[in-house]
Amino acid sequence: MTEHDPRSFQDLFDSEPDRPSAAETAKWIDLYERLTALMERQLEETRQFAEGVPDPMRRYLSTENVPILTEELEIFRRRLERWREIAGTQETAPTDRPS
């Protein structure tokens, strides 16, 4: 796999709230859902484009561009799953309100 600058991802992850409210959690889920959808479209378009280009360009895309997009997509899918887990915890957490 290709190497990414971990600082780029860390800057993004550091911008997420440490103790999110339910509304913040919903916002981050929406953002990561949209980001993963964008990355999926980019990956699919890149693969489709590669089918009709000369071999040197196809090789470049398959050895450079596609692996980068695939790796990024997996990172963002894992982050989306993390936020969904947070949402599940928030939904099942007991409230401090008296019955």
Side-chain angles (χ1 to χ4, degrees):
M1 283 268 168
T2 58
E3 290 292 323
H4 289 284
D5 181 357
R7 290 174 298 184
S8 297
F9 291 103
Q10 198 57 51
D11 286 347
L12 172 61
F13 302 153
D14 286 348
S15 72
E16 299 170 2
D18 290 331
R19 300 174 63 88
S21 66
E24 289 171 318
T25 299
K27 171 188 165 188
W28 283 96
I29 288 171
D30 176 63
L31 290 170
Y32 279 114
E33 284 175 341
R34 291 171 36 210
L35 182 58
T36 56
L38 170 71
M39 300 298 293
E40 287 167 349
R41 285 190 307 271
Q42 285 181 328
L43 184 56
E44 182 58 30
E45 287 179 19
T46 301
R47 287 178 172 148
Q48 288 177 0
F49 177 76
E51 291 175 6
V53 297
D55 284 341
M57 187 176 289
R58 183 178 303 116
R59 281 191 302 274
Y60 166 77
L61 291 170
S62 68
T63 60
E64 296 294 327
N65 202 257
V66 168
I68 289 169
L69 290 172
T70 301
E71 183 179 6
E72 289 175 339
L73 180 56
E74 279 308 306
I75 290 168
F76 295 133
R77 281 180 176 155
R78 286 192 304 268
R79 207 61 181 182
L80 173 58
E81 185 57 33
R82 177 184 174 276
W83 279 101
R84 287 179 174 157
E85 288 171 4
I86 291 170
T89 301
Q90 289 173 332
E91 292 171 4
T92 59
T95 61
D96 293 332
R97 288 180 263 147
S99 302

* Asked: For Glu16, which residues count as a salt bridge (Lys or Arg N to Asp or Glu O under 4.0 Å) partner, sequence neighbours excluded?
  -> Arg79, Arg82
* Asked: To the nearest 0.5 Å, how far apart are CD in Glu72 and CG in Leu43?
  -> 10.5 Å
* Asked: Out of curiosity, Ile29 CD1 to Glu81 CD, how far, rounded to the nearest 0.5 Å?
  -> 9.5 Å
* Among the clusters formed by ILVMFWY side chains lying less than 4.5 Å apart, do Ile75 and Met39 turn up in the same one? -> yes
* Structure fact -> By salt bridge (Lys or Arg N to Asp or Glu O under 4.0 Å), Asp18 pairs with (sequence neighbours left out) none
* So, does Gln90 use its side chain to make a donor-acceptor pair with the main chain of Pro20 at under 3.5 Å? -> yes
* To do: Might you point out which heavy atoms bring Trp28 and Leu12 nearest each other, and give the distance in Å?
  => CZ3-CD1, 4.5 Å
* pair Leu38-Leu35: side-chain heavy atoms closer than 4.5 Å -> yes
* Asked: Can you check whether Ser21's main-chain N or O pairs, donor with acceptor, with Glu24's side chain at less than 3.5 Å?
  -> yes
* In a check of side chain to side chain donor-acceptor pair (under 3.5 Å) between Gln48 and each of Glu45, Glu44, Glu51, which one passes? -> Glu44
* Kindly state each residue pair satisfying ring pair (Phe, Tyr, Trp, His ring centres under 6.0 Å) with at least one member in residues 56-77, sequence neighbours excluded. => Phe9-Phe76
* Taking everything shown except Phe49 itself, do over 12 heavy atoms lie less than 6.0 Å from its CZ? -> no
* What's the spacing between Arg47 CZ and Leu61 CG if we round to 0.5 Å? -> 11.5 Å
* Asked: Same hydrophobic cluster for Ile68 and Met57, using side-chain heavy-atom links shorter than 4.5 Å among ILVMFWY?
  -> no
* Taking only Lys NZ, Arg NE, NH1 and NH2, and the carboxylate oxygens of Asp or Glu, determine whether Lys27 and Asp30 approach each other closer than 4.0 Å. => no
* **Pro67 to Thr63 - nearest heavy-atom pair and separation** => CG-O, 3.5 Å
* Asked: How about Glu33 and Arg84: do any of their side-chain heavy atoms sit closer than 4.5 Å?
  -> yes
* Asked: Can we say Asp11 and Arg7 salt-bridge, meaning some charged N sits less than 4.0 Å from an Asp/Glu carboxylate O?
  -> no
* **Joint cluster assignment, Leu80 & Ile86, ILVMFWY side-chain distance < 4.5 Å** => yes
* Asked: If you measure from OG1 on Thr46 to CD on Glu64, what distance do you get to the nearest 0.5 Å?
  -> 13.0 Å
* Using the salt bridge (charged side-chain N to carboxylate O under 4.0 Å, His left out) rule, take Arg77 and Glu74 through it: C-alpha gap first, then chi angles, then the decisive distance, then the call. => CA-CA 5 Å; Arg77 281 180 176 155; Glu74 279 308 306; 2.8 Å; yes
